There are 4 protein chains.
Amino acid sequence: MSSTVAPRPPARRRRLAAEERMRQIIEAALIEFSEKGFTATRMDDIAARAGLSKGGLYAHFKSKDQIFETLLFKVLSPSFNNRKWMLDDGDTLAEVVDAFIAHTYDRVTDPDFIAALRLLITESHRAPHLVDYWRREVLDTYLKEQQTMLEHCRARGLVRHSPLTQQAELLMAPALYAAITRMIFGEEATQASLKDLRRAHAQLLMELLEPVEA
Amino acid sequence: MSSTVAPRPPARRRRLAAEERMRQIIEAALIEFSEKGFTATRMDDIAARAGLSKGGLYAHFKSKDQIFETLLFKVLSPSFNNRKWMLDDGDTLAEVVDAFIAHTYDRVTDPDFIAALRLLITESHRAPHLVDYWRREVLDTYLKEQQTMLEHCRARGLVRHSPLTQQAELLMAPALYAAITRMIFGEEATQASLKDLRRAHAQLLMELLEPVEA
Amino acid sequence: MSSTVAPRPPARRRRLAAEERMRQIIEAALIEFSEKGFTATRMDDIAARAGLSKGGLYAHFKSKDQIFETLLFKVLSPSFNNRKWMLDDGDTLAEVVDAFIAHTYDRVTDPDFIAALRLLITESHRAPHLVDYWRREVLDTYLKEQQTMLEHCRARGLVRHSPLTQQAELLMAPALYAAITRMIFGEEATQASLKDLRRAHAQLLMELLEPVEA
Amino acid sequence: MSSTVAPRPPARRRRLAAEERMRQIIEAALIEFSEKGFTATRMDDIAARAGLSKGGLYAHFKSKDQIFETLLFKVLSPSFNNRKWMLDDGDTLAEVVDAFIAHTYDRVTDPDFIAALRLLITESHRAPHLVDYWRREVLDTYLKEQQTMLEHCRARGLVRHSPLTQQAELLMAPALYAAITRMIFGEEATQASLKDLRRAHAQLLMELLEPVEA
DNA sequence: AATGAATGAGAGTTCATTCAT
DNA sequence: TATGAATGAACTCTCATTCAT
C-alpha cells in the first residue's frame, strides 16, 4: 500500500530467532544436565554447546534454575514423552506385541529419552511441583489408558486375563531395566545383552497374554 | 553486661580410632552423596553428619574424590550388595516365590540399597574402573548363579521352562521399576502402588514358572 | 533507625582492556611477590594492588603459578634486564668508568631491579626452565659481550690487561654486594655505605684498568 | 652415701635429650626454611626431618615463629658465622692471599653458610631486631677488624694502600657474587665458573695489594 | 615427651550472576 | 542481543595449633 518498503520482517524475524535460541539452549542444557547433573554443569558448558557466550544466556533465561525448570517442563510434557503406542497396531497378538516391543526399545535407545529419564532420577527433587504434576497428569493417565486398552483387547479376545493386564507397569518393566543398565554401564557395554533381553521380553509378553486355548 | 552474641562453646572434641571415624565418614557420605549428588554435597555436609569438623575429614581421606571412591568401593563390594536369595528357600513353588519376593522388596525399601543404586545411576561415571569391575565380578556372577539355580529347579520339576528361566534379569525387573519410582516420587507417594506391584509381580512369577500340568 | 553496619558501596566496577589489566596485575605481582615471597603473597594482595577483586584475576590468569611464570618470564626477558652499558661511552678511561659506575648503581637503586633480583634468589626454583633459559641466552650472552668489549678497549689502549678483563663478573661484583646489602638491611640503613662503596668501586676499576705507563 | 641406688641419671639424661632434640629441630628448620622459605615450610616438614611428629615440636618450641627466631639467632651469632680469617696466616702476600681465598671459598661452598645467607636475604624482615643487632654487633665489627688488620699489614709493608684497604667489603665481593650465583643456578651449574672466578679473584687481590716496588 | 586426630582460620579456585561496552 | 571482564559468595583443601590419649 505504501510506496516505500516498510522494514517489517526483522521484528518478526527477531522473535523467531529468540525462540530458536531458547530451543538451542534447552537442547544444550538437556545434554549437559543429564551428563553431569545440575550442580556440576556450568553455565559456560551450556553456553558453549548452545553456541553463545555465558552472558548471552541471561538474555533468554534469568537463571540457571529457570533453564532447568523450563527444560524439565518440556521434558515432562506429554508431547515429548508419550508418542503413544496403540494397542490396536495390528490384528494378531504377535503383531501387537511386536509393535509394542519395537516402540518401547526404540525409546530405550533414544538418547533424548535416556537423558530425560536420568534427569528425572537425579534431579527431580529440584522441581517437585513439576514432578507431581507429571505423575498425576501424564504418567498415571498414560497407565490408565493402557489399562483401558488392555481390557478392550481382552474383550476382543486378543489377550487373556493376567497380572500384566492388571498392572500395566509390568508390561514395560524389563525395558526400564535395560534403560537403567545403559545409564550405568554405557551404550557399548550393553549392546549385546539388550538384544537378549528384548527377545525374552517379547516372549514373556506372548506367554502371559496369549489367550488360553479352549 | 553480657555480650549479645553468644560464642557457642567450642564443640567438644571427640577423638575416635581412625578406623571407626572412617566408617562414620563413609556412612555419612553415602547418605549425603546419594541425596544431593557428588557435586552438590559439601565437605561440610559430610563432616557435620559424621560429627567432626570439615578439616578433620582430611586426616582420614585426602580428598572428596577419595571419599567417593572408598564409598563406592564399599557399596559395590559383594558383601554389601548380595545377601543372596536362595532359590531353595522352600519346597513348593509358592514358598520359593514368596521368599524371593520378600527378599527382593525388602531391598527395594532398604534406604541403604536405594542410596547405593542412586549413587550408581547418578555418579558411576566418576569411577569407571570400579563400575567395570563390579559388573564383571559381582553382577554378572550373581546373574549366572541365579541362572544355574533356575536350571537346577527346572531339573527338580519345581519350575517350568519360560523366558524367565533364560533371562534372570526378568525375575527382578518389576522390583527395579518400583525402586526407580521411589527414587523419583519419594517413599510416601509410592507406598500404595508398591503393594499392588508386589502382588502382581508375585502372580506373574507364579504364572510363568508353574509347571504345566500333564 | 539506620543500621549500624554500613554496607560499603559495591566498589565501582572498572572494565579494562584485557591487555592493560594483565600488565597491571603483573606489575602488582612483582611488588607483592618480591616483598613477601611467592607463598606468603595472597591472591587478595595482588588483586588489591591491581585494583580488582580476587576472582577477577582468574579472568586473566588461570592460577597463581601462572601469574608467577608470566612475571618471571617478563622479568628475565632481555628488554627488562639489559639496557646495556656501552663501554665506549666516553673517550678516556675515567669517562668510561664513570659511565659504567653510574649505570650500574642506577640499577642497584632501582626498585624494580631489586625486586627482580630478590625474586630470582628466593623463588627461581619454581621455574627452573625459565632460569636455565635466562642463564644461557641472556646472562652468559651479556657477559660475553662485555668480554668482547673489554678486549676491544684493550686493543685501543684504553685499558690494560688485568683480572677484570678476563672475568667480566669482577667488574660488577661490588655492586651486587651493595644490592644484597640493601635487600637485607633496607634502603635507609645502607644509604651511607652505598656511597662509600661506589667511590671505592670506581677507584678499584681505575687502578686495575689504567694502562701502565711506559 | 645412701644405701639404695638413687635413680638420678634419667633426670640429667632427659635434659640432655631435650637439648639434643632442639638442636636437631633447629638444624632441620635451617634446611627446610632456606630451601622453601618460611611460609612454604610446614611444621610437618621440619618434624619429619627432625625425626619426630608435628605435635612433638610443640614440646620444645611454642610456635613456628619461635623456631624461626631461635634459628636466626643461632645463625647470626658470631660463633656460627665468623670463624675468622687471620690476615697474618702467612708471611708473604701470596700466602696471606691464598689463605684468605681458601677460607672464603670454603664458606661459599659450605651448604650451611649458603642456607644461612639465603635465609637472611629472603626472611630477614621477619626478625628486624635480630638483623639490626647482627649488623651492628657482628658484621660491622668484623669489617672493622679486617680494616684494622689491613692497616696493620700496610704498616708492616705487606700490602700497599689501595681501594681494598679502605673498603674491606671489596675484598670479598666476588665471593658473594659466586654465592649468589650458586643460590640461583644451583651447585652443579656453577662448578666450573666458580674455579675461574676464584682464580681471577686471587689475581685481583695480588695486583691490588702488592706493594709498589721502589 | 610424644602422638596424631581434631579444630578453625584462611588460602586458592570456581562459578552464577551482573554490568560496561 | 551479545560479549566477556568483574564481582562475591561458596567451595575444596591446607596448616599452625591444640588436646585427648
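Sequence lines set the chain letters: A, B, ... in the order given, protein chains first and strands last, and positions in each chain run from 1. The figures that follow rest on heavy atoms only: side chains count, while hydrogens, waters and symmetry mates do not. Quick caveat: nothing in here was measured; it's all calculated off a predicted structure.
- Side-chain N/O atoms of C/H60 include none lying less than 4.0 angstrom from OP1 or OP2 on F/dG4.
- Considering only residues two or more places apart in sequence or on other chains, C/F61 meets the ring-ring contact (aromatic ring centres under 6.0 Å, His included) condition with none of them.
- Remark: B/Y58 engages B/M43 in a side chain to side chain contact (heavy atoms under 4.5 Å, CB included) (not counting sequence neighbours).
- To the nearest 0.5 Å, atoms CH2 (A/W134) and CG (A/L72) are separated by 9.5 Å.
- Nucleotide F/dA16 holds its P atom 14 Å from the CZ atom of D/F68, rounded to whole Å.
- Note that CD1 of A/I184 is 9.5 Å distant from OG1 of B/T122, once rounded to the nearest 0.5 Å.
- In this structure, C/R14 places its CZ atom 18 Å from C1' of F/dG4, rounding to the nearest Å.
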What string of B, S and - do you get for nucleotides 16-21 of chain E 5' to 3' if you count protein non-hydrogen atoms under 4.0 Å?
-> BBBSBS

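- Atom CZ of B/F61 is separated from atom P of F/dT14 by 15 Å (rounded to the nearest Å).
- When rounded to the nearest whole Å, the span between CD of B/E19 and C1' of E/dA5 equals 15 Å.
- Taking atom CG of residue D/L52 and atom C1' of nucleotide E/dA1, one finds them 9 Å apart after rounding to whole Å.
- Remark: A/E69 engages A/H129 in a side-chain hydrogen bond (donor to acceptor under 3.5 Å, both in side chains) (not counting sequence neighbours).
- Legend: residues meeting side-chain hydrogen bond (donor to acceptor under 3.5 Å, both in side chains) with B/K62, ordered by chain and number and at least two apart, are absent.
- Residues forming a side chain to side chain contact (heavy atoms under 4.5 Å, CB included) with C/A40 (at least two apart in sequence, or on another chain): C/K36, D/T39, D/R126.
- With a 3.5 Å limit on both pairing distances and Watson-Crick or G-U wobble geometry required, the stems of 3 or more pairs in DNA chain E span E:2-21 with F:2-21.
- Taking the side chain of D/S53 as heavy atoms from C-beta on, and the options E/dA1, F/dA6, E/dG4, the nearest nucleotide is E/dG4.
- In this structure, CD1 of C/I25 is placed 11 Å from P of F/dA5, rounded to the nearest angstrom.
- Here the P atom of nucleotide F/dC13 and the CD atom of B/Q66 are 10 Å apart, to the nearest Å.
- When the nearest nucleotides of DNA chain E are assigned to C/G56 and D/G51 by heavy-atom distance, the more 5′-ward of the two goes with D/G51.
- Protein atom CG of A/L57 is 13 Å distant from nucleotide atom C1' of F/dG4, rounded to whole Å.
- Candidate nucleotides F/dA5, E/dA5, F/dA6 were compared by shortest atom distance to the side chain of C/A18, and F/dA5 ranks first.
- Applying the side chain to side chain contact (heavy atoms under 4.5 Å, CB included) test to C/I31 and every residue at least two apart in sequence or in another chain returns C/E35, C/R49.
- Closest to the side chain of A/R21, from the set E/dG8, F/dA2, F/dG8, is F/dA2.
- Nucleic acid contact for B/L16: sugar-phosphate only, since backbone atoms but no base atoms lie under 4.0 Å from a heavy atom of the residue.
- For C/R21, the side-chain hydrogen bond (donor to acceptor under 3.5 Å, both in side chains) partners at least two apart in sequence or on another chain are C/Q24.
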